[in-house]
Novice: 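Can you read through this structure? Questions will come right after.
In this chain, numbering begins with 1 at the start of the sequence shown. It should be emphasised that the depicted structure is a prediction, and the values quoted were computed from it without experimental measurement.
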Amino acid sequence: MDDQAIIDLYWQRSERAIEATAQKYGGYCHTISYNILHSREDADECVNDTYMKAWQAIPPTRPARLAAYLAKLVRNVSLHKYEKANAKKRGAGQVPLIVSELEHCLASSVATDSEVVELLNDFLAQLSQETRQIFMGRYFHLQSIKDIAKMRQVSESKVKMVLLRTRNDLKQMLEAEGVAL
């Protein structure tokens with residue numbers, strides 16, 4: 001079933017919308033959640049919460065890209081669960097490591113969130129497809145360097161170097177745009 005047909009089911013308030021979403025995007029959402037939480041049970045719970053949030057938000061929202069919309073929902077639900085579970089201590093997942101990697105790029109910005117998002121989108125649009133996919137895999141999907149290397153069929157050192165150079169380029173771009181770091 002294509003995305004527009006699934007969205008139409010949400011607008012019709014048909015329970016088949018959840019079924020179709022789970023069938024088409026269940027694995028995708030579970031992977032994102034698992035990359036954050038490293039627990040199958042917690043990931044399952046977050047994916048189910050994501051379906052509920054999609055049910056509550058569609059309508060009135062009509063996402064242009066259902067996959068991206070669901071990815072954002074499951075990522076936020078999973079990060080919230082991660083923060084609750086690790087409020088007093090840092091866990092063994094990728095989140096603390098990824099935050100520390102990006103700290104020097106996005107430390108304490110004077111720009112508004114929407115300005116930073118616009119700058120980040122412009123920056124990502126200028127990257128090669130491979131670099132953008134590596135960057136997004138690491139910092140949006142929270143994939144490990146090992147997983148990215150395996151999926152892209154490159155060495156881990158190449159992934160690390162691409163990420164380092166991309167972070168440095170991002171930092172330079174933000175400084176050039178006057179975003180305080």
Side-chain angles (χ1 to χ4, degrees), residues 2-4 21 24-39 43 46-47 50 54 61 63-83 86 90-181:
D2 75 341
D3 289 357
Q4 287 307 312
T21 302
K24 186 167 184 179
Y25 292 111
Y28 175 65
C29 290
H30 192 275
T31 298
I32 293 170
S33 186
Y34 184 81
N35 286 342
I36 295 168
L37 300 168
H38 296 282
S39 163
C46 287
V47 169
T50 298
T61 303
R65 294 183 48 211
L66 186 59
Y69 185 76
L70 292 170
K72 182 178 177 182
L73 286 177
V74 74
R75 182 175 182 271
N76 289 341
V77 168
S78 299
L79 286 171
H80 180 72
K81 184 164 192 68
Y82 177 87
E83 288 171 4
N86 295 289
R90 293 291 213 191
Q94 294 290 315
V95 177
L97 180 60
I98 289 171
V99 169
S100 71
E101 287 176 8
L102 282 177
E103 267 179 342
H104 81 282
C105 294
L106 302 171
S108 58
S109 173
V110 175
T112 65
D113 287 345
S114 62
E115 290 171 332
V116 172
V117 167
E118 186 176 328
L119 289 171
L120 188 55
N121 284 336
D122 291 345
F123 174 77
L124 291 171
Q126 295 172 9
L127 298 176
S128 70
Q129 182 178 358
E130 180 182 45
T131 301
R132 183 174 44 252
Q133 288 174 343
I134 289 172
F135 190 84
M136 292 297 292
R138 181 71 173 153
Y139 300 116
F140 184 81
H141 296 291
L142 288 92
Q143 295 173 322
S144 71
I145 289 171
K146 182 179 182 177
D147 289 344
I148 294 169
K150 184 177 178 183
M151 189 168 56
R152 309 267 333 138
Q153 297 179 345
V154 297
S155 69
E156 290 182 35
S157 61
K158 178 177 179 172
V159 172
K160 289 177 186 177
M161 187 54 67
V162 167
L163 290 171
L164 175 66
R165 289 178 179 159
T166 307
R167 286 192 311 268
N168 289 338
D169 291 346
L170 174 60
K171 182 178 181 181
Q172 287 177 351
M173 187 272 302
L174 291 173
E175 287 173 345
E177 293 293 329
V179 175
L181 302 176

Novice: Does the Ser33 side chain pair with the main chain of Cys29, one donor and one acceptor, at a distance under 3.5 Å?
Specialist: no
Novice: Check side chain to side chain contact (heavy atoms under 4.5 Å, CB included) between Gln126 and all other residues, then give those that pass, not counting sequence neighbours.
Specialist: none
Novice: Report the residues that fulfil side chain to side chain contact (heavy atoms under 4.5 Å, CB included) with Glu130, sequence neighbours left out, ordered by chain and then residue number.
Specialist: Ser128, Ile134, Arg152, Val154, Lys158
Novice: Applying side-chain contact (heavy atoms from CB on, under 4.5 Å) between Gln143 and each of Met136, Arg138, Met151, report the one that passes.
Specialist: Met151
Novice: Do Leu70 and Val74 have side-chain heavy atoms sitting under 4.5 Å apart?
Specialist: no
Novice: So, using side chain to side chain donor-acceptor pair (under 3.5 Å) as the criterion, who are the partners of Thr50 when residues are at least two apart?
Specialist: none
Novice: Run the ring-ring contact (aromatic ring centres under 6.0 Å, His included) test against Tyr69 and tell me which residues pass, sequence neighbours left out.
Specialist: none
Novice: Return the set of residues passing salt bridge (Lys or Arg N to Asp or Glu O under 4.0 Å) with Asp147 (not counting sequence neighbours), or none when no residue passes.
Specialist: none
Novice: Can you name the residues that form a side chain to side chain contact (heavy atoms under 4.5 Å, CB included) with Ala67, not counting sequence neighbours?
Specialist: Tyr25, Tyr28
Novice: Do the side chains of Lys24 and Asp2 get close enough for a salt bridge, i.e. N-O under 4.0 angstrom?
Specialist: no
Novice: Please identify each residue that fulfils side chain to side chain donor-acceptor pair (under 3.5 Å) with His141, with sequence neighbours left out.
Specialist: none
Novice: Among residues at least two apart in sequence or on other chains, which ones pass side chain to side chain contact (heavy atoms under 4.5 Å, CB included) with Arg165?
Specialist: Met161
